[in-house]
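These notes concern the structure reproduced below.
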Number of protein chains: 2
Amino acid sequence: MDKVSRSPAMTDVARLAGVSHQTVSRVLNDHPNVKEQTRIRVRAAIAELGYRPNRAARALVTGRSQLIGVVARNSTLYGPASMLTEFEQAAADAGFAVSVGSVRELDRSSIASVVDRHLDQRVAGLVVIAQVATANEALAEIPGDVPVVFIDGDPGSGRPVVTVDQEAGAGAATRHLLEAGHSTVWHVSGPVDWFDSAGRIQGWRQTLQEAGAEVPPLLSADWSAAEGYRAGQMLARMPEVTAVFAANDHLALGVLRALHERGRRVPQDVSIVGFDDVPEAAFFIPPLTTVRQAFGDVARAALSLLLGQMRTEPDTARHIVVPPHLVVRDSVAPPA
Amino acid sequence: MDKVSRSPAMTDVARLAGVSHQTVSRVLNDHPNVKEQTRIRVRAAIAELGYRPNRAARALVTGRSQLIGVVARNSTLYGPASMLTEFEQAAADAGFAVSVGSVRELDRSSIASVVDRHLDQRVAGLVVIAQVATANEALAEIPGDVPVVFIDGDPGSGRPVVTVDQEAGAGAATRHLLEAGHSTVWHVSGPVDWFDSAGRIQGWRQTLQEAGAEVPPLLSADWSAAEGYRAGQMLARMPEVTAVFAANDHLALGVLRALHERGRRVPQDVSIVGFDDVPEAAFFIPPLTTVRQAFGDVARAALSLLLGQMRTEPDTARHIVVPPHLVVRDSVAPPA
DNA sequence: GCGGGGAATGTTATCGATCACATTCACCGT
DNA sequence: ACGGTGAATGTGATCGATAACATTCCCCGC
């Protein structure tokens, strides 16, 4: 009579608990109007049968899934990768699963196809980690009725965005160096088309100007240690350079190495501050003073914005800015 | 009469095309018994309405989702991160979405909870990226009726596993150094509890033994440049060291730096080979000879094993081994 | 003691697909 | 001309949950 080990459905639970399936549903959804005793009986039946609600059935009738789609660049960079895992963690805590769609480049068509795949899955919401302006165009591809949050995106896009306060972070780094007594601070930046880079450049420049310090020429690179090394080789040759702010820790590593090769000691001859606080930053030689971004906070903020949109709440906040903070180690000292 | 912009369902398409919903379903699933003319009409209706099949409804009736769950360690290491994006790509091509569940440590309870979340989502299959033996215990947590494939897992576990042939890769690296004329090769390994590390150690040792070369003591580290540097400082002090095989490129980077600081030139004084071929390896100084793992092939193999299990095919292959290959650059030369 | 009201529970329709099973249709051979 | 056959299409049940609505139950006040 009974099917061989079909996974139990709500009615099975109901039968065992001696109630109707609707009551089981109410217990599952924490409806108030269920007698405590019944609730306990139902819970017991659920446990006994090892019942799991069928998400597909639920999604079918409610019209929304428990899936959040993430669009991210196919990248092994520390920032994006951390972002993804932190978001997954936060979403899991809220009962959502995360479906990733990676893309090689953040251009319009790639994003469009990934977004399409996500919509196909009927995701409840979308998170786009969009560090460059070209990703903005992809906005048009996303229908208005799907909740969307951007991380690291263009604050001026009109869509909800969560960002780290790059300017504040860069400002803190720069100020830290100035306060140590350096007359000015050089900057090795990331790719200028990244919002992150732009913000850090802006924060650095503004802090120098406010302090009345001269603004040296900008050295811009990609995010790699290799380019940091290249920039470092230039800097090492110039005796007037005593303080460097690198846009990420890998760049800083490259600079560190170049300085070392030229016999310029850190921090005695040159002070340096990085950005990111990658796990190994504390093991650089010397341990690197750097700026930590609270990826976890960003992830949670993004999630809460997304959940807010799902509940069609009036968007209280459309742009959340998470402050980074300086992690002081041993790579900064007063000038000689 | 008509609801405001409810997303169209199969019956809407059917009505527009002048057929029954069942015919639409047949067109969607490429059933043979549909007249070409009808098929075209239906396709046109689908396009006109911008219809997307409701996955939830489909999943409900067929009992299987189009979701594959991936369990991976919360890591920003190059290998695991690459693996994930490559797998996502492959799965997308096959019409599957990928839900990630990351975990801080590969211990029993963490894995169990992530697996549980995935089962909750009724994933069609699971991929576990399990580089360490402790992950094995989590096997017990996974019910037998859900398809599972391990990547980098224990070949002896009895479950389908896809691995890179670490021994072959390590052998190639070691042989390359021996063939350049070095009398033996030192090895800086990764954590010994990783299967990957164990395989590389084994390949290195065996190749040396077969060549009748002496096997120097093993230097084991984690995967970081910091520990590579530490190992490098030891190696740099020993003039008899002329060839080093590092278990990954970051370790190699650390070794490189240590050697450089001690004035030992690469490759003139010491030759070195890495593993992974991270994007920046070609920009190391000197450009690093290394071993590239075909993550894409691994991902595709894992997917096909998984799809095979879903079709309940007799498991033709339970263990697929993907060969890596040596990428020769400038960090190896004959001994002085 | 009876009507009222809210809490607790049950009944039935519904979501949008697939599946199993009709049914219709066209064409063929005898 | 007629039955047979397979292709093309349609009909109704079904999956497992939630939602809307109906019903029962209990307690309270007058």
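Throughout, a chain's letter reflects where its sequence line sits, starting with A, and its residues are numbered from 1. Predicted model, so just to flag it, every value in this text is computed and none were measured.
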Checklist outcome for this item: Comparing B/Glu36 with A/Arg52, nearest DNA chain D nucleotide closer to 5' gives the residue B/Glu36
Item to check | For atom NZ of B/Lys35 and atom C1' of C/dC27, their distance in whole Å | outcome: 13 Å
Next on the checklist: Could you check whether atom CZ of A/Arg41 has more than 12 heavy atoms from other residues, nucleotides or ligands sitting under 6.0 Å from it?
Outcome noted: yes
Checklist entry - Within less than 4.0 Å of OP1 or OP2 of C/dT18, is there a side-chain N or O belonging to B/Asn29? => result yes
Checklist entry - Just how far, in rounded Å, is C1' of D/dA7 from CZ of B/Arg26? => result 11 Å
Item to check | d(CG, B/Leu60; P, C/dC19) in whole Å | outcome: 12 Å
Checklist entry - Separation of B/Asn33 atom CG from C/dT23 atom C1', in whole Å? => result 14 Å
Item to check | Atom pair distance, as rounded to whole Å: CG in B/Asp120 and P in D/dA17 | outcome: 12 Å
Item to check | Protein-nucleotide distance (A/Tyr51, atom OH; D/dC15, atom C1'), rounded to Å | outcome: 13 Å
Item to check | NZ/NE/NH1/NH2 to OD/OE distance under 4.0 Å, A/Arg52 and A/Asp12 | outcome: no
Checklist entry - Under 4.0 Å between a side-chain N/O of B/Thr23 and OP1 or OP2 of D/dG10, yes or no? => result yes
Checklist entry - Rounded to whole angstroms, how far apart are NE2 on A/His21 and C1' on D/dT18? => result 9 Å
Next on the checklist: Using side chain to side chain donor-acceptor pair (under 3.5 Å), reason through B/Ser110 and B/Glu105 one step at a time and then give a plain yes or no.
Outcome noted: CA-CA 7 Å; B/Ser110 310; B/Glu105 286 302 323; over 6 Å; no
Checklist entry - Reckon B/Asn54 has a side-chain N or O less than 4.0 Å from the OP1 or OP2 of C/dG16? => result no
Checklist entry - Counting side-chain heavy atoms from C-beta on, which of D/dG16, C/dT11, C/dA17 comes nearest to B/Pro53? => result C/dA17
Checklist entry - B/Gln22 CD to C/dG16 C1': how many Å, rounded? => result 13 Å
Checklist entry - Ignoring hydrogens and angles, are the base of C/dG16 and the side chain of A/Arg122 linked by a donor-acceptor pair under 3.5 Å? => result no
Checklist entry - Phosphate oxygens OP1/OP2 of D/dT18: is one of them under 4.0 Å from a side-chain N or O of A/Thr62? => result no
Checklist entry - Is the base of D/dG16 touched by the side chain of A/Arg55 through a donor-acceptor pair closer than 3.5 angstrom? => result no
Checklist entry - Quick one: is C/dT9 close enough that its OP1 or OP2 comes under 4.0 Å of any side-chain N or O from A/Thr38? => result yes
Checklist entry - Do the side chain of B/His31 and the base of D/dT9 come within less than 3.5 angstrom through a donor-acceptor pair of N or O atoms? => result no
Checklist entry - Is there a donor-acceptor pair closer than 3.5 Å between any side-chain N or O of B/Thr62 and the backbone N or O of B/Arg58? => result yes
Next on the checklist: Salt bridge or not between B/Arg300 and B/Asp297? Use side-chain N to carboxylate O under 4.0 Å.
Outcome noted: yes
